[in-house]
There are 2 protein chains.
Amino acid sequence: MQNHEMWWERCQFQEQMVPDLTLEDIARQAGVSRSTVSRVVNNFPNVSADVRQRVLDVIQQTGYHPNAAARTLASQRSWTLGLVLPQSAHQIFTDPYYPHLMKGIAQTCNDHNFTLALFLVGNEEDERKISARITRKGLLDGVLVQSGHHGDQQLIGRLVDAGIPQVVIGRPFRYDNVSYVDVDNVNAAFNAVTHLIRQGRQRIATISGLLQSTAGLDRKSGYLKALGERGYKLDEALIIEGDFTEAGGYYAMQSLLPAHPDAVFAASDVMALGAMRAAREAGLSVPDDLAVVGFDDIPIAATSEPPLTTIRQPVSQTGIRAVEALIDQIENGIQPPRHIIMDTQLVIRDSCGANRK
Amino acid sequence: MQNHEMWWERCQFQEQMVPDLTLEDIARQAGVSRSTVSRVVNNFPNVSADVRQRVLDVIQQTGYHPNAAARTLASQRSWTLGLVLPQSAHQIFTDPYYPHLMKGIAQTCNDHNFTLALFLVGNEEDERKISARITRKGLLDGVLVQSGHHGDQQLIGRLVDAGIPQVVIGRPFRYDNVSYVDVDNVNAAFNAVTHLIRQGRQRIATISGLLQSTAGLDRKSGYLKALGERGYKLDEALIIEGDFTEAGGYYAMQSLLPAHPDAVFAASDVMALGAMRAAREAGLSVPDDLAVVGFDDIPIAATSEPPLTTIRQPVSQTGIRAVEALIDQIENGIQPPRHIIMDTQLVIRDSCGANRK
DNA sequence: TGCGATTTTGAGAGCGCTCTCACAATCATA
DNA sequence: TATGATTGTGAGAGCGCTCTCAAAATCGCA
């Protein structure tokens, strides 16, 4: 296959319903062999201009489309990529992270003329069914696994064992031999907390993400690193594990309150929102009594009361890079695993106190 | 194919990486013919118990998985469903509607052993590529189109012309010959507005959805119907078209303010949130000065200030029903189009004023 | 034990495409 | 014009499975 942009993507849709045509039919009507039609269809060179045109005309008139299954069988390429969103992802599926990720992935697949197959694994049984389907040949050329959660390691291992090209989105727990793309969570959290330190905050708490996830772990590391570098001494009372939900942030903040923090870094915006709700209910003013920094830059972060200072991560971009890495792996064979780390950006709004007069 | 729950979904994953096996290989090792292995693999009856066991053993040992492309080619069934989220959907992709819809769809596909292929169409070019890919044989057994937007009618028409089994999610503009499943938007809006009337509100405004969408249109109809039935006379100054975004709701509310509404029905929660923000900035108290009802019941609706009264729609359930209808159509052939309408539920919280002492 | 009915098994013809290989046609060069 | 290199075209063997049809094995019952 020489050129991924195929003629039928340019061709106008045929209005009338056509009987199922085969290469053979086109060949007969154009007075050439099956091989020649195949060459035209696949944009191969070595077809004389007039023959090519004759074949294209017949194709145009008849509204012929090649059969996907037959091509896949003969060429051993399905032009389909799988995207697996595991159990952990399923639960927090209302997080705008996923739509954005999927948007980047779907768009990139489309650009490269790949079809995207989506697998949401909800439970153990799903996982069984899905791994069987994925490891089956002739369906997928490669797989993207959104992960970073502890429970997803098995699936990743299976794909490695099956020798299926794979790129993980999010840092996996064990990442020998696996390519992945992740945002730089450690640095992002480091920058967020450093920013709070520069505001003169003394008692900086954190509502971490789930510590079964590498994102949760890494963001906590960044928090600790920032405090450590500035000589703050560790206070366990200022650290609590959240679960990436609004309610989780709310309750986490409530239990943080007795330790009298004057700032909090939440590992997600929805948790930050929950934390602000708890603070508000406790009569604390944000940012005067409590500075808050979130993570994600979800849409409502800009319009919350007060607008939320947060970390913006390039989610779509992450998806794009993952697809590109996967396609590269498919086309050029297995290579040393690549670890792609995406930069983040601190978006300063009002909740951190930096904009006060 | 007698039974959709296939043996390989039950079978344990083979640890070692196996060479690509074919039916032929299994047949040879088990000392039977290809046909017999095929029968075992597909759970056909008419295979003696001992032979079946012998074959299953070999399959188990070798870790054989049938080739998807070969089956599709031979059986003319791909066991894959397409989900198309058109242009309009793409833009408002942060709406939690989509994740929930996809969850229902993906889960149901998995339950029925179908693979789900996702197509996000972002622009004209995408649409060309995607329609070509969809109408190609051998890739999809049927297609779900999330629609209800004016611009999506072309795609639906193409699929009808191509004779591909299809179920539309959301009421299409022209729905002759197309099956669809939609929530009862008219009634939902009717109930929401009737609820406001019962609270004694006199000047009830609406921030409608995009009127290029049937959802926007139908919700506005419900609003008008409720007012009409109670003898309220139409005041154009109380009606404004929104765009389903927070900012849209905010500006819409601002332009509604001069007309002095004492209640507003917003066609989506995010718009309701925007409206409340505008009201707050204008010094209006919700619900005392302005009662607000939204639509969707997104997660933050429960924790907004004040908590938002809204319409809960069975989004996942809608996806489930759509998949089931599509599979039915695939298995039992084209039938008279079905129109499935889902009920909604009014969730009363504080923003409508019903819970005041 | 024999004969028809039933069940189990195998042979083989596709499904619609790709791709190698050989042959035919064209070209450049001497 | 002869010769080899190059380009254009066709024949045909798969790819791995399904499914029909017929043969073989088994069964029921007289």
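Letters A, B, ... are given to chains in the order of the sequence lines, protein chains preceding strands, and every chain is numbered from 1.
- Proximity of Ser48(A) to the phosphate of dT9(D): a side-chain N or O atom is located under 4.0 Å from OP1 or OP2.
- At least one side-chain heavy atom of Gln153(B) sits under 4.5 Å from a side-chain heavy atom of Ser147(B).
- The residues Asp25(A) and Arg28(A) are annotated as salt-bridged, a charged nitrogen and a carboxylate oxygen being separated by less than 4.0 angstrom.
- Residues Asp141(A) and Gln76(A) come closest through the heavy atom pair OD1-O, 4.4 Å.
- Here Ser33(B) reaches the OP1 or OP2 of dG10(C): one of its side-chain N or O atoms lies under 4.0 Å away.
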Identify each atom pair where a protein N or O and an N or O of nucleotides 23-27 of chain C are less than 3.5 Å apart, giving names and distance.
none

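- The phosphate of dG10(C) (OP1 or OP2) has a side-chain N or O of Thr36(B) nearer than 4.0 angstrom.
- Here the side chain of Gln146(A) pairs no donor or acceptor atom with the backbone of Leu83(A) at under 3.5 angstrom.
- Taking side-chain N and O atoms only, Asn67(B) has no distance below 4.0 Å to OP1 or OP2 of dC17(D).
- A donor-acceptor pair under 3.5 Å is formed between the side chain of Arg133(A) and the backbone N or O of Phe114(B).
- Checking dT18(C), dC19(D), dA13(C) against every side-chain atom of Ser75(B), the shortest atom distance belongs to dC19(D).
- The two residues Ile164(A) and Thr135(A) have their closest heavy-atom pair at CD1-CA, 3.5 Å.
- Nucleotides of DNA chain C nearest to Asp50(B) and Glu24(A) differ in position, and the one nearer the 5' end is that of Asp50(B).
- For Ser38(A) and dT18(C), the shortest distance from a side-chain N or O to OP1 or OP2 is below 4.0 Å.
- The nearest heavy atom of DNA chain C to Asn46(B) and to Ala74(B) marks one nucleotide each, and the one closer to the 5' end goes with Asn46(B).
- Listed by chain and number, the residues in a ring-ring contact (aromatic ring centres under 6.0 Å, His included) with His150(B) are Phe173(B) (sequence neighbours excluded).
- Among the nucleotides dG10(C), dT18(D), dG16(D), the one closest to any side-chain atom of Thr22(B) is dG16(D).
- Taking atom CG of residue Leu139(A) and atom P of nucleotide dC17(D), one finds them 14 Å apart after rounding to whole Å.
- Contact annotation: Gln76(B) side-chain N/O to dC19(D) OP1/OP2 distance is not under 4.0 Å.
- Closest to the side chain of Arg39(B), out of dC17(D), dT9(D), dG10(C), is dG10(C).
- For Asn43(A) and dT18(C), the CG to P distance is 12 Å, given to the nearest whole Å.
- The shortest non-hydrogen separation linking Val40(A) to Val47(A) is CG2-CG1, 4.1 Å.
- Looking at Arg52(A), its side chain has no donor and acceptor atom pair within 3.5 Å of the base of dG8(D).
- For the pair Arg77(B) CZ and dC15(C) P, the computed distance is 19 Å after rounding to whole Å.
- Taking atom CG on Asp25(B) and atom P on dC15(D), their separation rounds to 11 Å, with Å as the unit.
- Checking dT9(C), dT18(C), dG8(D) against the side-chain heavy atoms of Asn42(A) singles out dT18(C) as nearest.
- Nearest-nucleotide mapping onto DNA chain D: of Ser35(B) and Leu73(B), the residue sitting toward the 5' end is Leu73(B).
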